[in-house]
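Right, one structure below, let's go through it.
All values reported here derive from a predicted model rather than from experimental measurement. Labels below follow one simple rule: chain letters A, B, ... track the order of the sequence lines, proteins then strands, and each chain is numbered from 1.
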Amino acid sequence: MNYNYWPQPKYRGIGFYSDASIYIDVLKFGSEVEFFSKNDIEVLLSNRVKGLSFNSTLSKTAYKNLLFELKEFKWISYYYSDNYKNDNFNYDFINREVYAISFVGKQVLNSFFDDYRTFYNALIKELNTLYAIPGWFIQRLWDLNPNQGQVIIPVPSKSWNPQKRKWSDKEWKTEIETIVSQTSQYISSILPDAFPYPKELFIKHTKERWLELGQSKPRFSGEINTEFTPRKRLSQSMREATINYFFGNYNPKTMVNDFSGNKSPLLPRSYSYWCARLEELGLINYTDYNPQVPGRIIYPVSVFRETVNDTNLTEIKYVSNMKGFNLTLFQPSVSNGDFVSLYTTTLYEEYHKLYLLKKSIYVSVQDVRDEVCRLLKLSSNLFNVFLQHIVYLTDNEEEIRYRISLETDIREDQKGGSQRLRKPVYVNKKIVTLIAITKS
Amino acid sequence: MSILRTVEKKEIPVSRYQRYGIFRNPFPIKPGIQILSSDDRENGSIYLPELRNKETSQFENLVIPKLDGKETRSISLLMDNATRQGRGIGKSSFLFHQFNRINKDWGNEISEGSEVMFATYCSPNSSESYRRFYNLSRLIINNLVEQNVLSIALCRLRVMSGFLDERIYNDVDESSLLQTIGNYAWISAKYNELGLPHFSEHDLKMAVKKQLEKLDIKNGKLIDRLAHFGYSSSDFNKYFTSEIAETEWRKNGSVLLFDDVVTILKASGFTKGIVLCDELEKIIVPLSAQERRAFCEELRYWFVDGNNENSKSSFFNILLVIHPYLQEILNPYWSSSGLERFSSLGGELTQTSTILFEPLTVEQSIPLAKEYLKKSREEKYDGKDELFPFTQDAITLASNKSANIPGKFLAILHNAIEHGIDKNISTLDETCMKDLLTKSSISEAESETRIETIKQPKISL
């Protein structure tokens with residue numbers, strides 16, 4: 001038995017950015033100027049796009065973290081530290097926080113324009129060294145569900161949406177307990193290995209969190225007559241209970257702590273951020289919109305392997321688990337003919353399923369994507385790559401039996417709420433929202 | 001030699017449909033009835049009354065007064081029991097058939113000689129709004145004008161005025177009133193033929209006007225316009241109904257219909273008017289709760305017990321075509337406005353005021369297909385196999401797949417014929433039909449695909 005602990009993360013705070021291209025933007029800017037300050041970066045990065053909407057400017061902490069990270073990665077450095085030996089160096093810069101892109105930073109930037117995957121792999125390594133989360137999270141997923149690592153973070157089923165209640169009406173009622181219990185049972189029945197959370201514990205922890213949330217003052221008005229939505233509160237309680245249980249320091253499978261000390265590696269707020277970041281890096285994928293599962297299904301598209309002799313797997317040499325296995329990402333290439341036909345068949349099957357259900361020829365490509373990725377262990381980026389590839393094939397060769405049509409109308413349900421932030425599908429650098437496939 | 005190129009649409013001597021023993025595709029391509037179409041596939045003239053015997057007798061029971069004097073309902077309902085499966089069940093066909101039955105002899109046969117009736121068919125226009133009841137009154141008035149009921153009434157008044165010499169009536173019967181009595185040129189020619197003294201059209205019109213003036217008509221302009229233009233629906237529309245301002249409609253639209261028009265119709269000898277109001281959901285669904293309540297109350301006022309000529313003499317019987325969902329929407333307002341007593345919408349007495357319209361059975365769809373095929377057969381076809389080129393199994397399959405909804409069923413058969421011609425198929429049998437159905441449209445009857453349980457991933461890492 002291995003009682004080694006995972007290496008402590010060097011840093012626990014995290015800056016919340018929309019996506020990893022923010023690093024590239026800073027590096028690119030840095031390559032064009034001799035030096036830059038934090039203010040310059042704040043100006044550069046206002047107005048970024050997430051999903052289908054503009055994000056407002058980042059918080060001050062986020063800018064601080066961004067520069068901190070880039071320095072830790074050694075992609076940027078203090079201007080004076082590289083340049084103080086120069087003849088005409090202005091000594092005023094010694095104490096000012098002024099940065100410049102480093103040599104490594106320049107290499108990373110160049111590699112991005114050749115092959116973005118090199119950049120992402122470098123980023124995986126750096127983030128892992130700094131925070132320990134990336135590798136650890138993947139291992140934890142596989143620990144929780146040795147059968148392919150699929151894990152569910154549940155919310156109450158969609159049909160449960162009772163009226164708003166007064167803030168004072170905060171007790172835990174039988175009705176609520178029933179819903180939690182039913183959800184737990186339901187999930188365990190459709191995806192048995194994906195929810196290794198004993199029901200009694202789940203109910204207990206959710207209840208504790210519910211009561212905690214009820215104890216606090218209402219956020220905006222502090223008046224006792226404010227109302228709350230039971231569904232929102234229960235969703236939050238269930239979600240946080242699950243995150244704390246699944247991703248706490250205590251490993252439910254090995255039954256010991258993963259990290260020495262008592263600090264939890266992943267809190268609910270940072271969990272949201274890490275999900276998005278790891279998905280972008282191609283380590284996991286997840287969906288909140290599976291029609292049969294209330295909540296989020298997360299699944300790894302990467303795995304730790306002792307030896308790598310599969311051409312579909314890309315090894316990240318500097319990220320390993322406690323057994324010394326290296327992290328590998330599932331990244332089939334478009335030249336893998338077998339996989340291309342598997343992808344095509346699966347794409348058509350999922351499209352057809354939705355077509356029969358919705359009775360419309362064009363269906364949401366995001367819905368199709370979420371299920372295809374889950375079935376084929378693909379990251380969203382790879383889905384786009386393959387989609388682009390088979391669209392190209394169908395246009396240029398007659399062997400492919402399908403005609404694929406992609407459109408970009410904004411569908412009604414995309415305009416509201418969280419759907420606006422849902423990751424879009426890109427083909428040839430343009431967003432597509434609707435897909436139709438016919439057999440020719 | 002004309003500079004314009006023209007073509008004559010005539011029957012093609014060698015049609016592509018010949019191999020099936022028919023000269024055209026027997027089944028209609030357009031959904032729904034086009035009553036003014038000359039194409040008998042589309043105008044409702046291909047109709048098998050025996051398929052709807054139950055509904056027909058229910059209809060007569062509720063809406064048509066008969067010799068035995070049984071009371072009929074001022075407001076009846078026709079419930080479409082198959083909306084879940086989509087449209088095309090045959091309601092408009094049914095209504096048009098009854099419409100023609102009644103109007104062919106002004107209700108003589110259908111009412112066993114006890115009434116002089118007309119029927120009018122109204123269907124709300126999707127592009128207009130019907131937020132207030134006067135909009136429905138206007139719709140009915142416009143339909144009465146367009147379907148020539150008012151012009152016929154005026155012709156009858158002409159006869160009743162006694163102004164015309166009775167000898168000209170020898171060649172006239174009730175079905176040709178408009179072209180004869182309503183046409184000054186014809187009357188004039190007849191007078192010449194019989195050597196009778198000449199009179200001007202103006203005198204004739206004044207004679208009718210005098211009669212109208214004796215009636216208690218509230219709308220001043222109506223008498224004058226009717227007398228001058230009432231014989232032509234387009235003229236009357238141009239010079240009267242389309243000139244009425246919106247505010248005028250709002251204030252007096254319903255009075256115009258339920259007092260004045262009813263008075264005139266009664267005076268011309270009609271004893272009953274049947275209003276067939278289709279697609280009520282186009283009116284009701286967009287309304288707010290208050291508007292629905294107002295609608296029900298006005299319906300009651302004008303049709304049942306208000307202070308107007310129609311209610312007093314129960315002149316109109318209206319048949320409202322509704323869907324089950326509409327029943328759910330209307331129920332609360334229907335009962336709170338007191339209509340439930342007169343016409344049960346949702347209570348236990350529903351059978352006494354509702355005609356239930358259901359899909360056909362599979363056994364009924366075969367004669368229907370045969371009838372359509374028959375009307376398109378080539379003369380030289382020997383006719384032994386009435387279903388050719390279909391087999392009985394193919395028809396049965398098509399009927400099942402369309403959940404026995406005639407509209408869809410006929411559309412499937414139309415496509416099957418075209419497909420068979422294109423692909424040179426000699427007999428359209430069950431396998432061929434199955435093939436066609438899976439390839440083309442989504443078969444609605446069985447695609448209630450429940451989502452299967454969640455799939456397992458195909459790739460293992």
For this session: Could you point out which residue of Val301(A), Leu375(A), Leu342(A) forms a side chain to side chain contact (heavy atoms under 4.5 Å, CB included) with Ile459(B)?
Result: Leu342(A)

Exercise. Mind checking what makes side chain to side chain donor-acceptor pair (under 3.5 Å) contact with Tyr120(A), not counting sequence neighbours?
Worked result: Glu280(A)

For this session: Using side chain to side chain donor-acceptor pair (under 3.5 Å) as the criterion, list what pairs up with His414(B), not counting sequence neighbours.
Result: Asn25(B)

Exercise. In terms of heavy-atom proximity below 4.5 Å to chain B, should Asn290(A) be classed as side chain, backbone, both, or neither?
Worked result: side chain

Exercise. With a 4.5 angstrom heavy-atom cut-off, which part of Ser189(A) approaches chain B: side chain, backbone, both or neither?
Worked result: neither

For this session: Please report the closest heavy-atom contact between Arg374(A) and Pro457(B), naming both atoms and the distance.
Result: O-CB, 3.7 Å

Problem set entry | Minimum heavy-atom distance Ile454(B)-Gln292(A), with the two atoms named | N-NE2, 3.4 Å

For this session: Please test Lys458(B) against Val372(A) for side chain to side chain contact (heavy atoms under 4.5 Å, CB included), starting from the C-alpha separation and ending with a verdict.
Result: CA-CA 10 Å; Lys458(B) 296 184 182 181; Val372(A) 170; over 6 Å; no

Problem set entry | Proximal to chain B - members of residues 142-152 of chain A, heavy-atom separation under 4.5 Å | Trp142(A), Gln148(A), Gln150(A)

Exercise. Going by the ring pair (Phe, Tyr, Trp, His ring centres under 6.0 Å) test, which pairs reach into residues 302-339 of chain A, not counting sequence neighbours?
Worked result: Phe330(A)-Phe339(A), Phe339(A)-Phe386(A)

Are more than 12 heavy atoms, taken from residues, nucleotides or ligands other than [X], located less than 6.0 Å from that residue's [atom1] atom?
{"X": "Leu387(B)", "atom1": "CG", "result": "yes"}
{"X": "Glu128(B)", "atom1": "CD", "result": "yes"}
{"X": "Arg117(A)", "atom1": "CZ", "result": "yes"}

Seminar exercise, completed: Rounded to the nearest 0.5 angstrom, the NZ-NZ distance for Lys353(A) and Lys455(B) is 4.5 Å

